[in-house]
Number of protein chains: 2
Amino acid sequence: MVQKQEYLSKNQKIVLDDVEKANQPLKAYSILYNVQKKGLKAPLQVYRALDKLVEIGKIHKIESRNAFVACKNSNCVVSNATAFSICESCEKVTEINNSKLSKYLSNFEDNSGMKYSKYNLEFFGLCKKCKNK
Amino acid sequence: MVQKQEYLSKNQKIVLDDVEKANQPLKAYSILYNVQKKGLKAPLQVYRALDKLVEIGKIHKIESRNAFVACKNSNCVVSNATAFSICESCEKVTEINNSKLSKYLSNFEDNSGMKYSKYNLEFFGLCKKCKNK
DNA sequence: AATAATATTGTTATAATATAACAATGCGTT
DNA sequence: AACGCATTGTTATATTATAACAATATTATT
């Protein structure tokens, strides 16, 4: 039996490395620009690496921004429960790591009869800096 | 002083009408196709109407799907607090209207010093139908 | 009624984001 | 060696969204 992938491939490492260095969300085509010196020439190479990295939880996608950010949560193995705060002025994005919140949302049930296996939450507002401007 | 808009313009009505009829999220270019018989010819006409309708809360954007859905919540005047359940199999989307949840999230504060004015939450899973297949 | 302020419309072109399709290679398992 | 599968490379194209400019419409104020 072929095992599930436990390592990162060359392109996946290159892309993850770039996103981790950034410390802020990056757009796919910015990543492409950054990694061209390392040999990745086509959008698809970046998107494929991103897909896998998102799947295994190393990277999260900020859906409202079409941008990708490295997971800071060292134990985040799967990206099935994500929460972010987004400053609408400077666009600073921070991953929220709050066990009460994640517990609350993971256990949330409504009357639809649907059991949720995953969620993504994005908060918007002004960060400290921008609030005081 | 010029007052804030209280009515819908022609294009806004046409677009809202189409989205409300759908009862499910529509893509912008599907809307464009639908409303071409009513004279809207260009993507921008649709996007501009959508922008306004989202701003005033008549329509919500499902960020993870790049799709737009009418607000079912009759009292939803501003779209500053939205939650949806999304079936990953059939793509059925339902707006969650749960006062405990919205209260919890509206009052949520973390240690970032950021006060949130808005949020969007998307739950993923399998709906009743798809679960039993 | 004329003016000003703002929102809306129409239009063409283009930017930005993402995937399809196909061929080849690499790597662990049988 | 043969198989299965993930990854890679590549070209082309699909999908989603906005820029820029000119014109018209609506409403509030003078």
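So you know, we letter chains A, B, ... as the sequences are listed, proteins then strands, and number each from 1.
Note: CZ (Arg48(A)) to P (dA24(C)) measures 15 Å, nearest angstrom. Atom-to-atom, CD1 of Ile62(A) to C1' of dA16(C) comes out at 18 Å; the value is rounded to the nearest Å. Per the geometry, CD belonging to Gln12(B) stands 13 Å off P belonging to dT26(D), to the nearest Å. One atom, CZ of Arg65(A), and another, C1' of dA16(C), lie 16 Å apart when rounded to the nearest Å.
Across His60(A), Lys61(A), Glu63(A), a single residue satisfies side chain to side chain contact (heavy atoms under 4.5 Å, CB included) together with Thr82(A), and that is His60(A). Partner Phe68(B) forms a side chain to side chain contact (heavy atoms under 4.5 Å, CB included) with one of Leu16(B), Leu26(B), Val54(B) and no other, that one being Val54(B).
Annotation: proximity of residues 32-47 of chain A to DNA chain C (heavy atom, distance under 4.0 Å) is found for Leu44(A), Tyr47(A), numbered in ascending order. Within residues 84-93 of chain B, no residue has any heavy atom under 4.0 Å from DNA chain D.
Aromatic rings from Tyr119(B) and Phe124(A) are positioned such that their centres are separated by 6.0 Å or more.
At least one side-chain nitrogen or oxygen of Ser9(B) sits closer than 4.0 Å to the OP1 or OP2 atom of dT9(C). Taking 4.0 angstrom as the limit, Lys61(B) places none of its side-chain polar atoms (N or O) nearer than this to OP1 or OP2 of dT16(D). Regarding contacts with the backbone of dT8(D), every side-chain N or O of Lys13(A) stays at 4.0 angstrom or more from both OP1 and OP2. Within the structure, a side-chain polar atom (N or O) of Asn11(A) is placed less than 4.0 Å from OP1 or OP2 of dG9(D). Contact check, Lys10(A) against dA6(D): no side-chain N or O comes under 4.0 Å of OP1 or OP2.
In this structure, the nucleotide among dT26(D), dT8(D), dT16(D) sitting nearest to the side chain of Lys27(B) is dT16(D). Of the candidate nucleotides dT27(D), dT8(D), dA18(C), dA18(C) has the atom nearest to the side chain of Asn66(A). Comparing dA18(C), dT26(D), dT8(D) by their closest approach to the side chain of Tyr7(B) singles out dT26(D).
Under the 30°/60° scheme for interplanar angles, the aromatic rings of Phe108(A) and Tyr116(A) are found to lie parallel.
For the atom pair CD1 of Ile62(B) and CG of Asn120(B), the computed distance is 7.0 Å after rounding to the nearest 0.5 Å.
More than 12 heavy atoms of other shown residues, nucleotides or ligands fall within 6.0 angstrom of atom NZ in Lys115(A).
No N or O donor and acceptor, one from the side chain of Tyr29(A) and one from the base of dA15(C), sit under 3.5 Å apart.
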